[in-house]
Amino acid sequence: MRFKMKPLRNFSGAEPHKLGVGLFVGCFVALIVYISMSDPVVIPFLSGDSRLTSIHGVPKSPTMEDRMSSREPGLGKARQEHKPSCSSSDPRSNLCNKNEVMRRIQSNSSSTKGDAPSGRKDGSDTQQLGNENRMEDRHEKIHDSKVPFKNSSPAIDDPLQKEDIINPKQFGGRRENVEPPKKPICDFSDPRSDVCESDGDVRIHGKSSSVVFVNPDQTSNQESNRSWKIKAYARKGDRTVMAEINELSVEVSNGLEAPRCTVHHGIPAIVFYNGGYNGNYYHDFNDVLIPLFITSRQFDGEVQFIIKHMHLWWVNKYHQILNKLSRYELIDFDNDDRVHCYRHAIVGLHSHKDLSIDPSRAPNGYSMADFTEFLRSAYSLKRGLPIKIGEHPKKKPRLLVISRGLTRKFANLEEIVRKATELGYEAVVAEARFDSNVAQFARIVNSCDVMMGVHGAGLTNLIFLPTNAVLIQIVPFGGLEGIAKIDYGDPSKDRKLRYLEYSIGAEESTLIDLYPKDDPVIRDPMSLHKYGWTVMGEIYLYKQNVRLDMERFRPVLLKALELLHQW
């Protein structure tokens, strides 16, 4: 069976107007298809709302939108008092006056926020919103990177701005709207101390020795899910003492794994360790108090101290300084089972150099001059400058001779006082003992124009001398000039003091009574240095006393008088 084929219709014979209508409809359909697949930002007239759901062809993440438009809930009000107790196992516990210490720690803690600075406040978040904003503004000025407070978030009706912040590099967003990368939370690069610091949601639990920086958005932080161990004591290079310092755990966590807050605070917190060499006057200032000033002074008292290994006798001894640096109650880290929550926290203390401050590294350019003014205010010290000989011809310059009770004592103290008096000094003798009242001793030092003493912790009192006063350091026999320069020579210059150094000879050391002259201890002290600090220190720091040759030492006392003429 054969099929007949029908010939196709010839379009050339079609009516012209019908052909034109067909071509127009086909072109219109093609145009609609092209437009529907185009970038809505390029052709905005199709839908005025299209930019709210897509930009550059990338859909907005509902999760990200919820996170960015959310607001941190207000911190709840709470107030809990903490009362540490003196450990009976501490051999120095007899120095603890619990009632007195706790009175100082919690003084006026239940009073209003307008109380005098000397009274401690409760650290819980009971301030009004206006005060909280004031503190946040202060933090914004202090730190290099901008702190994302809730009133600085981008407006939710500006999707372009939000999406650019989410991923500016991938989508070619506007880079000027991108926040600078945040500095690392923990810095272990400094040779003197390790410090961790963060803004936002910080939760501190003393019983578990843990500090948690909460970061709900784990994907935006390169340090998410990280943890560190830190020893919050500013003597990092001393392996002997650092081996005895307990570690703190610092970690970054999401809100689900972090401990729940029991006390909210509207102020920053600083966590530090109070063990180590505490009780030694030099180390109290060098390892704790000066680093604490560097780290906390920027907050002008609006900061709370959380102290690990806290001793009440130590708090009592330095309560004037602690009260001046913080208006809030101290928290005993080891014996507090609450979870304290802060918006900003620092774990560890910044330290620059021995018994001094580097203004180029300190917040607000703080220097030893600022620390000096701070101490004068804390201890109500009246003298800022020493006597200027010539302007007061009838007034004698006061010479403070720092005596020592155990080692490196002056064997001829009475002769020293007599000769100094003959040269025109009013000589004063005082010993800075472990149980000395710091405020009383500071007033004695501040009343003097010249201070002299054998290398040791007593020379730490140079911090209380008037500016331009004279410090005379007596260096014991045994090649200790390098140590003497680092510990007190350089710091005295940073303190704007006139510094004189006198190294005693073998005949001025009582070691000459213990060893023959041809013994290496007398003949070649540097040969003993190679055996390390223990051997060297045992001989030259703990076995010798000083018998000054007053004829040899006389020019030094005269030079000090000359310097009091010149400032």
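Contact check for H350 versus P291: no side-chain heavy atoms found under the 4.5 Å cut-off. Side chains of L330 and V315 form a contact here, defined as non-hydrogen atoms less than 4.5 Å apart. Contact annotation: the side chain of W533 approaches that of L541 to within less than 4.5 Å [non-hydrogen atoms, C-beta and beyond]. Looking at T262 and H264, their side chains never come closer than 4.5 Å, going by heavy atoms from C-beta outward. Side-chain contact between L459 and Y281 is absent, with no heavy atoms from C-beta onward closer than 4.5 Å.
Across all non-hydrogen atoms, the minimal contact from R495 to L462 is NH1-O, 2.8 Å. Between F464 and N446 the shortest heavy-atom distance is O-ND2, 3.1 Å. Taking every heavy atom of both residues into account, N254 and V214 meet most closely at C-CG1, 4.0 Å. The minimum heavy-atom distance between N278 and D284, with the atom names listed, is CA-OD1, 3.2 Å. Minimum interatomic distance between A432 and N461 (heavy atoms only, all atoms of both residues): CB-ND2, 3.8 Å. Across all their heavy atoms, A258 and V212 have their closest contact at CB-CG1, 4.0 Å.
Between F285 and Y318, the distance separating the two ring centers is shorter than 6.0 angstrom. Separation of the F293 and Y366 ring centroids falls under the 6.0 Å cut-off. Taking the six-membered ring for Trp and the full ring otherwise, the centers of H311 and H309 sit less than 6.0 Å from each other.
Of the inter-residue distances, the one linking I230 atom CD1 with C186 atom SG reads 5.5 Å to the nearest 0.5 angstrom. With rounding to the nearest 0.5 angstrom, the CG atom of D187 is 8.5 Å from the OG atom of S193. Atom CD1 of residue I185 and atom CG of residue N215 lie 7.5 Å apart, to the nearest 0.5 angstrom. Distance check: L289 CG to F374 CZ gives 8.5 Å after rounding to the nearest 0.5 Å. Atom CG of D435 sits about 8.0 Å away from atom NZ of K317, to the nearest 0.5 Å. To the nearest 0.5 Å, atoms CD (E251) and OG (S249) are separated by 5.0 Å.
Side chain to side chain, Q304 and H340 fail the donor-acceptor criterion of an N or O pair below 3.5 Å. Side-chain atoms of T467 and R376 form a donor-acceptor pair, as typed in the model, at a separation below 3.5 Å.
Formation of a donor-acceptor pair under 3.5 Å by the S492 side chain with backbone atoms of Y488 is found in this model.
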Requested in this report: Check the pair F272, V195 against side chain to side chain contact (heavy atoms under 4.5 Å, CB included), reporting the backbone distance first and the verdict last.
Outcome: CA-CA 10 Å; F272 64 94; V195 178; over 6 Å; no

Query - Evaluation steps, ring-ring contact (aromatic ring centres under 6.0 Å, His included), between F305 and Y328 - result: CA-CA 8 Å; F305 297 150; Y328 296 84; 9.8 Å; no

Query raised in the report: Given the rule in the side chain to side chain contact (heavy atoms under 4.5 Å, CB included) test, do Y379 and I321 qualify, once you have shown the distances and angles that lead to the verdict?
Result: CA-CA 8 Å; Y379 290 108; I321 293 177; 3.6 Å; yes

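A salt bridge links R361 with D190; the closest basic N to acidic carboxylate O contact falls under 4.0 Å. A salt bridge does not link R297 with D370: every distance from a Lys NZ or Arg NE/NH1/NH2 to an Asp or Glu carboxylate oxygen is 4.0 Å or more. Of the charged side-chain nitrogens involved, none lies within less than 4.0 Å of a carboxylate oxygen, so that E431 and R404 do not count as a salt-bridged pair. A salt bridge links R192 and D354; the closest N-O separation between the charged side-chain nitrogens and carboxylate oxygens is under 4.0 Å.
The stretch residues 342-382 participates, sequence neighbours left out, in no disulfide (SG to SG under 2.5 Å) pair at all. Residue pairs meeting the salt bridge (charged side-chain N to carboxylate O under 4.0 Å, His left out) criterion with at least one partner in residues 261-271, sequence neighbours excluded, do not occur; the list is empty.
Between W313 and F434, the ring planes are tilted. Angles from 30° to 60° get that label.
For R235, the side-chain hydrogen bond (donor to acceptor under 3.5 Å, both in side chains) criterion is met by D238, D287, not counting sequence neighbours. Take K353 and apply the salt bridge (charged side-chain N to carboxylate O under 4.0 Å, His left out) test, not counting sequence neighbours, and it matches D494. Judged as a side-chain contact (heavy atoms from CB on, under 4.5 Å), and not counting sequence neighbours, the contacts of K231 are M242, I245, E247. With sequence neighbours excluded, the residues satisfying salt bridge (charged side-chain N to carboxylate O under 4.0 Å, His left out) with D334 are K308.
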